[in-house]
Amino acid sequence: MTARRLPKPLRIMVLANIAWNACSILGIIFFSGPMTPDESNLYIGRQLLFGLQALCWVRVGVAVYDMGELVLYTRRTIFKTMSGFVGTFVILALTSVFVFCPNVVPEFDLFGFHPFDGLPIFKTFTVVYLLFFLPPCLIIIYQLLRGTIHSLDLTVQYTGAYMAGSFTLCLIVAVLFDFVIPVIKDFGAWHGGFQFFVWHQFLTLFLALLCGQYYTSARFRDLGASWFLQKLITKIEDGVIYYDDAGRIKAVNHGASKLLGQSSINLCGKSIKNVLPPNLDFFRESVYSDVRMNINGETHVMKIYFFKCRQTLLTMVNIAFFTDQSKTLLLQQNLKTLNEQYVEYTHDLVRYQDRLNKEASIKAEKENVLNTLINALPFRVWYKSELGVYQKQNQLDLAKRGSREGARDNNEDISIYEKEAREKGEVRVNTSFEDKDGVEISQDEANRLTGLGELVQTFDNMYIPIIQQGKAPYKTLCLKVDMTEQRRLEYERNMLREQKFIHSRLEELGTICGAFAHDYNNILGSQLGFLEIAQEVIEDKQSQVYTFISEAKKAAQRGKDSLNELLNAIRGNANAATPAIVFSPYMIIEDVVRKISLTLPPNVKVHSEELDKSLKVRGIVASLDRIISNLANNALFAMKQTGGSLTFKLYPETLETQLVTPYAPPVPAGNYAKFEISDTGTGMDSGTLERIFAPFFTTKAPGEGLGLGLSSALRLLKEGNAYFTVQTTLGEGTTFYLYWPMETETKEG
């Protein structure tokens, strides 16, 4: 039980045998002799003890079957499990019947025949024996014989044959003494006694010994240190010969073949006396020194050891181990030569060491120059291995992040550009942004913070793969250049350049517009005259033609008013500006909706239901009309390809505190009439959103727009002391919010 290498079934078999024998001893001591059910306590105790003993030998039967599976490396788990469960159930059922209903089994009727009448316990458990104990015993005998026949290992053959024969003999003896003789002798001393299956206990104990012998010989030899010993013997230069008790050589190692000058095939099968000097005692453990042998015309001096080795309880092998002592002088001469070579080698080693020291000094100097150069760079530099481990940093990076040598970034902290450089071997460059606390942020967040006047740092990052021999991943050199000041200067330069361009364009535009406005004012005057005549000529004032002419007249009048404003602005006549009045802004929205509905694309819908008609504002009607018209036209252009809906809303809004949003000036606290113009068009990115109010900036194709609509709308908003905010999502749409101060007193100016 203390042998750790014994298989689990053998351990279970030993434990079951211990329990079986313990039950048998208790039965012989306390419950032997004839006994009837009338003796209630003794009879019940004996039946319970015998039932427990029967459970033990059924478990032994299962363990025997497990041992057979181990011998042949097979698995029949279903049969084994069913046999154990069914056997246990049957024994528990029979024990319960004999305890509580002892007359049921003797009175069992099978077509008028009472098979269990007389010795019911013996007969009943004999049937259980034939079903659950005898088959595993026969199966393991078959498996042992089969394994013995098919094995090529002599030790396994001897051991298997020995186990199969011994177990068969023991099984026959057990059956003879437990069944045959008691039946012939009319049960004699066994009648009513408790010696049932005593010989089978000896059988299972003997089987446990046989299995232990098997697993401590052939199987243990295969799994133990003998395997390593065999490998070692094949590698040594000394000779090893295995031979049987008849002196016939069974196996030789490579050293023996080399020392004797013959192949292992030629040596196997020969007599040991024909290979080694015949005057030696080959079958007694002894040592012979200075044994001279003539091998291939040369005299060799051998030292030979003879000893025996027991493989199992039944098998023995003889071993001859010999070494060639005549090679000692040759080895000494070789050692002297090697010593001379070693002296020369030490001299060469000194020279090589001097050369290595010089090369190491040059390498250290180059590395020092490289480190100095890297630390002198005005930007951060670090270097990673192909596994992403930090190997070197310059002083700027050390001051920023501290030492990272030997560390590795988290996978989510590594940018996609660095991963592509390491995996694809291509240089990758990107721009990153950090807030004042050094936390990396997106470009949209950077634009928002810049609009609020907060510090945003801009960096150019370059990831350079170091491609040498081999495949990806590659080592990576990373550069991080602070471009904050340079980008600020570039931004200011671009702003100045754009302002210069705008001023020149405005100057040209003013000259052109002066002449254009003068001529076009005359044209609009004649158009208004003709439109008025047309209205007077038409008799049906409710007709659609009259409506169209009225709308055309309104549009021409608005154009004339705008041209007058333009001419006054060009002439510097500020006193002629149109005065602000108090009006209801919903009418302007409805007027714009009517205008654009006439030329509305079929895939665009306009909604203006949520308009608060009670709101009053002070301003110039034409200015508000131009603002809303420009925003509506831009929305229609954004939905020209995909279609969508344009929605106008008007409702009151009270701001308790100042409203701050990106890309728009702050909106002071107060009461406002809030205009909402939203579309479901293409939306805008952050770069476009930054410049939408710049003069001459447009996303339209050449010839489709000048880029002055939103810039003029912004000017008109400032003139009316109004404010705006904007929300946009790329691919989903844009919403403009106009905050126009409400007028509480309805008086005209």
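Values reported hereafter were calculated over all heavy atoms of this structure, with side chains retained and with hydrogens, waters and symmetry mates removed. Each residue takes its place number in the sequence, starting with 1.
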Glu405 side, atom CD; Tyr390 side, atom OH - distance, nearest 0.5 Å:
12.5 Å
Let me confirm one number: the CG-CG distance from Leu260 to Asp324, rounded to the nearest 0.5 Å.
9.5 Å
Can you tell me if Phe307 has over 12 outside heavy atoms packed within less than 6.0 Å of its CZ?
yes
Would you say CD1 of Ile265 has more than 12 non-hydrogen atoms from neighbouring residues, nucleotides or ligands within 6.0 angstrom?
no
Would you check if the side chain of Thr346 reaches a backbone N or O of Val343 as a donor-acceptor pair within less than 3.5 Å?
yes
Check: [Y] and [X] side chains under 4.5 Å, non-hydrogen atoms:
| X | Y | result |
| --- | --- | --- |
| Asn318 | Phe306 | no |
| Arg404 | Asp409 | yes |
| Thr95 | Leu52 | no |
| Leu259 | Ile295 | no |
| Tyr243 | Val275 | no |
| Ile12 | Val62 | no |

Stepwise, does the side chain to side chain donor-acceptor pair (under 3.5 Å) test hold for Gln391 with Lys475?
CA-CA 10 Å; Gln391 294 187 337; Lys475 299 178 181 179; 5.1 Å; no
Check the pair Asn274, Ser271 against side chain to side chain donor-acceptor pair (under 3.5 Å), reporting the backbone distance first and the verdict last.
CA-CA 5 Å; Asn274 296 332; Ser271 175; 4.5 Å; no
Quick one: do Ile91 and Gln53 satisfy side chain to side chain contact (heavy atoms under 4.5 Å, CB included)? Show the steps, please.
CA-CA 10 Å; Ile91 289 175; Gln53 182 177 351; over 6 Å; no
Looking at residues at least two apart in the chain, or sitting in another chain, which of them share a ring pair (Phe, Tyr, Trp, His ring centres under 6.0 Å) with Tyr383?
none
Pairwise salt bridge (Lys or Arg N to Asp or Glu O under 4.0 Å) hits with a residue in residues 254-267, at least two apart:
Glu237-Lys258
